[in-house]
*Asks:* 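Here's a structure for you.
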Amino acid sequence: RCTAVSFRPPALGALGLWGGVEQDRLRAAVVPEDTERWQREPGWAGLQRVGGVDLSYGGGNDGSACVSLVVLGYPGLQVLYEDCRMVAVNAPYVAGFLAFREVPFMVEAVERLQREQPELRPQVLLVDGNGLLHQRGFGVACHLGVLTDLPCVGVAKNLLHVDGLVKDELHKEQIRSLQKKGDTFPLMGTSGAVLGMALRGCNNSSKPLYVSVGHRICLETAVHLVKSCCKYRIPEPIRQVEKQGS
DNA sequence: GCGACAG
DNA sequence: ATCTTGTCGC
């Protein structure tokens, strides 16, 4: 069995080696707690813009993809900004190293927005994928958060098997226990640490979201934020950005 | 030994 | 992620 530290992607020695080292190095910069003023204000009165970033792939064979960035007003969730452009992806997708494939382009998109329309800079970003819920505790949401210094939340649509977390019968039973929107259960690894939270984002779908801390936000705030962004199963910033990509 | 494991 | 039709239900 692979342990978190000794895990290496097969047939990708280079990425697994220096990629893992790079993640371990950057991980020290993650701030897994609330650091923003709005996070402390009642009703998040100071929160006005929530962003979403995503990459979508067309053909599937070539390395062409589309990076999309959207900014929604909060709490109205109306679209304030949307950007989408083609890029050439080079790194392959390997579970545990998604950031090396997608984050560079996300950073570009965020920097372009901050340069061209700084007044629309998102106060927090919802990212497809995980944050601390990761083989080395440094998923895409942490990676993007550290590189942009923006609060980030990881929102995965599927469970990443790590630290003993698996989609077994017990897990499915826990999912069945999520009866209504907002219901959650902690994702505790073998190590005893709570790596994230399974969240039922809406009443119509029983399939949960896997929320984890990316950067500059605590898990509880992250879960409440994601819940408040859900009109359907997929939180609006991510739903809009995926729509933008296709 | 094979397969599994975000997008 | 993406390939893909219809179908069941509110």
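Chain A is the first sequence line, chain B the second, and so forth, proteins listed ahead of strands; every chain is numbered from 1. Side-chain atoms are counted along with the backbone in the values below, which use heavy atoms only and exclude waters and symmetry mates.
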*Asks:* Between A:N158 and B:dG7, does any side-chain N or O lie under 4.0 Å from OP1 or OP2?
*Replies:* yes
*Asks:* Compare all side-chain heavy atoms of A:L199 with those of A:Y210 and state whether any distance is below 4.5 angstrom.
*Replies:* no
*Asks:* Suppose we call two aromatic rings close when their centres sit under 6.0 Å apart. Are A:Y74 and A:W38 close by that rule?
*Replies:* no
*Asks:* So what does A:N130 touch, heavy atoms closer than 4.0 Å: a base, only the sugar-phosphate, or nothing?
*Replies:* base
*Asks:* Is the shortest side-chain N/O distance from A:K157 to OP1 or OP2 of C:dA1 below 4.0 Å?
*Replies:* yes
*Asks:* Just how far, in rounded Å, is P of B:dA6 from CG of A:D128?
*Replies:* 13 Å
*Asks:* Between A:F185 and A:H171, is the ring centroid distance below 6.0 Å?
*Replies:* yes
*Asks:* Nearest whole Å is fine: how far is B:dG7 P from A:F100 CZ?
*Replies:* 18 Å
*Asks:* Is it the case that the base of B:dA6 and the side chain of A:H161 share a donor-acceptor contact (distance under 3.5 Å, atom types as modelled)?
*Replies:* no
*Asks:* A:A95 side chain: which of B:dG7, B:dA6, C:dT2 is closest?
*Replies:* B:dA6
*Asks:* Rounding to an integer number of Å, can you tell me how far A:H134 NE2 sits from B:dC5 P?
*Replies:* 16 Å
*Asks:* Between A:D34 and A:R216, does any side-chain N to carboxylate O distance fall below 4.0 Å?
*Replies:* no
*Asks:* Once you round it to whole Å, what is the distance between C1' of C:dC10 and OH of A:Y232?
*Replies:* 13 Å
*Asks:* Calculate the interatomic distance between A:D168 atom CG and B:dG3 atom C1'; express it in whole Å.
*Replies:* 17 Å
*Asks:* Regarding A:D54, tell me which of base, sugar-phosphate or nothing describes its non-hydrogen contacts under 4.0 Å with the strands shown.
*Replies:* sugar-phosphate
*Asks:* Between A:E82 and A:K243, does any side-chain N to carboxylate O distance fall below 4.0 Å?
*Replies:* no
*Asks:* Rounding to a whole Å, what distance do you find between A:I238:CD1 and B:dA6:C1'?
*Replies:* 11 Å
*Asks:* Does the aromatic ring of A:Y93 sit over the six-membered base ring of B:dG7, closer than 5.5 Å centre to centre and tilted less than 30°?
*Replies:* yes
*Asks:* What is the distance from CG of A:L133 to P of B:dC5, rounded to the nearest Å?
*Replies:* 14 Å
*Asks:* Have a look at A:V140 and say if it touches a base, only the backbone sugar-phosphate, or nothing, with a 4.0 Å heavy-atom cut-off.
*Replies:* base
*Asks:* What is the separation between atom CG on A:L160 and atom P on B:dG7, rounded to the nearest whole Å?
*Replies:* 9 Å
